[in-house]
Amino acid sequence: MKRTDREKEPYRVGVLSVVKHDYLPRAIAAHPRFNLSFVSDERSRPEWTHERNQKFADEFGIPYIKDIFAAIKDNQIDAVAVSPEAERHCELAIIAAEAGLHIVVDKPLSTNTHKCDKLIDAVNKNGVRCLVWNRNYLPALIQANQKVNSGELGQLLSVHCDFYFSKDAGPPIGSRKANDPPIEWLDRQLEAHADGSDGGVGTEPMGELEVEGIYPLAYIKMLTGGAKVNHVFARTKSHFHQAHFDNDVDDLATVTLEIEGGITGSLSIGRIGAASHPDIGEIKLHIIGTKGSAVISEARPEVSIYYRDQPVTEFKNQRIADKNNYLLAENFARSIDGTEKPILDCIEARDICATVSAAIDSSKTGKPVKVDNRKK
Amino acid sequence: MIRLAFQLSNHQEDFLIAASWVDDIEVVCIDENPDAFVTDDADIQSNGKPVLLYGSSPIEGKPLIVPALPKRSFPEVIALRESLDSGNLGKLGVMRMHLWNQQNSNEVQEMVHAIDLALWFFGTEPKYIHGTTSAENEVKCSLVHLGFECGGMALLDFTNSLPTGDNYESLCLIGSKGAAYADDHRNRNLFFSGEAPNAKCPDTSMNFIGPMLADFIQKIKGGADLESNLKSYNEAFKIFSEAG
């Protein structure tokens, strides 16, 4: 476990919108190297966003300022935590970068590589650091990465990730009656906020590959030492949820990955329904090297707890020793210090966005697609 | 009662033990005019009798050859198939399989049988076929990715990278109403004898033989289409070849 330098003055952080999950600004607030200064968003945002922003600000005893430019101008801050609707991640991060502020931004970075490129240009121009939220510090991922880096497995040949979230997402597919209107994406996401399954909140419908694909693809990126995916072949489908079907986005996908250095890989991902797993879902890595192989369960270590009258929605297996959020915040602090690189920076997240886009294209054409990685 | 003769270069004893548990099988010698044969010799003289061919590729044009499709008879596969057939899993969306073997393994047989399993579960031929490989010296990793007209998909990866010892398999079915996971990872017990423990599965590797023989016998007795296995094998082989 890395220990932070508590002697240093904490960095002051502005929260730019906290309408999706609040785990990101909470993780930053919980770390001794950071203090939250304010929450801000644009006045023109819909009322529900103001309600969520205000609620978070009140809990932390900080002001909610309905003008991002004014908030940045009037407060001495070092960094921002960006957690708006997924479609606004780059837009708000760019404002921060242009103001010379370091950025920690929620996933996915974007569904659009052009938006990512604008952010990268702004980050480079202003010399700031940008960390994109991920799960690469989960204990099992740390173990997997250590195994690969130790050379025990030899040269990496293949990495496969199964990433199934056993969450529901509204009514099951086929449940809409003939005269019912299609489900509005935003309405469904607002409804999902209570159970935290609103990763794709916003007006832009996003499939599971777009919302969650960054997690397994960031695992693969880390384990391959940052290697780029060159080509993909993919199949996608709305298989479970009416909201995904009505909005023409996937909730189930399989992707073949052809990666730099002759490495092959694959991803099978889905929001497969709460009934399909006793816990959050089956998430595994299969890693093959020339000297050894590994099967990694992302959930481990965990404990199993069963008791009379246990709520059916409660996971029977609980993850333990999960310091992912703390270590991400630590990584962000060290990135700002200049002593460490962000574990997932905006260039890597941009190339993951390109991989996802190529996979969706491949699914439409039925053919392999070249990934439009950022040119060096 | 079907009089069955066994001629196998490997696992003969395992087959004989399994046969002793199957009703309707009488084991006879090869020269006792059996009703059918079980062999790994694709060129066996069968005198027009049905032949269950295990572990070898069938020779084209030879009649009444029934290529074994052993993966369909694995205990975990039977359980998954029953769950799917019962409707508990709903409509099948993904079949995911990881197949890790040793260097002396037969990639073609393993992958053809895995592809057959996918076609068997989905009950149809794929519309989209894609394959890719990575290799270093003798170690090879291959991946076959199938897309079906119904939108279902199968992702099958194989490697021969494991050292001498156990193989590893993981099979997962993701359906619209439920999912089923058959995974050697979760079935391992720990054995401590110094340093890191050994993790071993209870040995069920030969448990497929009984159900496979029972299916063969049923086909003969019921006058079923003895060509169906060959058609399935050939279809899977064609897809494997197309995936490159």
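Side chains of B:H130 and A:T256: no donor on one and acceptor on the other come within 3.5 Å.
The candidate from B:G93, B:G90, B:G147 with the greatest count of non-hydrogen atom pairs under 4.5 Å with chain A is B:G93. Ranked by heavy-atom pairs under 4.5 Å with chain B, the list A:K237, A:H241, A:H239 is led by A:H239. Residue with the most contacts toward chain A among B:G178, B:G131, B:S142: B:G178 (heavy-atom pairs, distance under 4.5 Å). For the set A:G154, A:S363, A:S266, the entry with the most heavy-atom pairs within less than 4.5 Å of chain B is A:S266. Among A:T236, A:L252, A:L257, A:D251, the residue with the largest count of heavy-atom pairs under 4.5 Å with chain B is A:L252. Interface remark: of the candidates B:D184, B:V94, B:V139, B:V94 forms the most heavy-atom pairs closer than 4.5 Å to chain A.
Of the possible donor and acceptor atoms, one in the side chain of B:S134 sits under 3.5 Å from a partner among the backbone N and O of A:L157.
For chain B, the nearby part of A:A253 is the backbone; its heavy atoms alone come within less than 4.5 Å. Residue contact with chain A, scored on non-hydrogen atoms closer than 4.5 Å, is absent for B:N137. Interface residue B:T133: only backbone heavy atoms are found under 4.5 Å from chain A. Using a 4.5 Å cut-off between heavy atoms, B:A180 makes no contact with chain A at all. When heavy atoms are compared at a cutoff of 4.5 Å, A:D162 approaches chain B by way of both its backbone and its side chain. Heavy-atom distances place the backbone of B:L92, and not its side chain, under 4.5 Å from chain A.
Atom CE of B:M95 and atom OG of A:S268 lie 11.5 Å apart (nearest 0.5 Å). Interatomic distance, A:T254 OG1 to B:L146 CG, rounded to the nearest 0.5 Å: 9.0 Å. The distance from the CD1 atom of A:I288 to the NZ atom of B:K140 is 13.0 Å, given to the nearest 0.5 Å. Here B:E136 contributes atom CD and A:L156 contributes atom CG; the two are 11.5 Å apart, rounded to the nearest 0.5 Å. With rounding to the nearest 0.5 Å, the separation of CD1 in A:I173 from NZ in B:K177 is 14.0 Å.
Looking at residues two or more places apart in sequence or on another chain, you find a side chain to side chain contact (heavy atoms under 4.5 Å, CB included) between A:S297 and A:K284, A:A299, A:R300, B:H185.
Applying the ring pair (Phe, Tyr, Trp, His ring centres under 6.0 Å) test to residues at least two apart or on different chains, the pairs with a partner in residues 78-106 of chain B are A:H160-B:H98, A:H286-B:H98, A:H286-B:W100, B:W100-B:Y168.
Atom NZ of A:K316 sits in a crowded spot, with more than 12 heavy atoms from other residues, nucleotides or ligands closer than 6.0 Å. In this structure, A:F245 places its CZ atom where only 12 or fewer heavy-atom neighbours from other residues, nucleotides or ligands lie under 6.0 Å away. Within a 6.0 Å radius of CG in A:D248, other residues, nucleotides and ligands contribute 12 heavy atoms or fewer. Shown here is A:K147, whose NZ atom has no more than 12 heavy atoms of other residues, nucleotides or ligands within 6.0 Å.
Taking 4.5 Å as the heavy-atom cut-off, the residues of residues 148-163 of chain B that approach chain A are B:C150, B:G151, B:G152, B:M153, B:L155, B:D157, B:T159, B:S161, B:L162, ordered by number. For residues 231-242 of chain B, a heavy-atom distance under 4.5 Å to chain A picks out no residue at all.
Remark: A:E282 engages B:R186 in a salt bridge, criterion side-chain N to carboxylate O under 4.0 Å.
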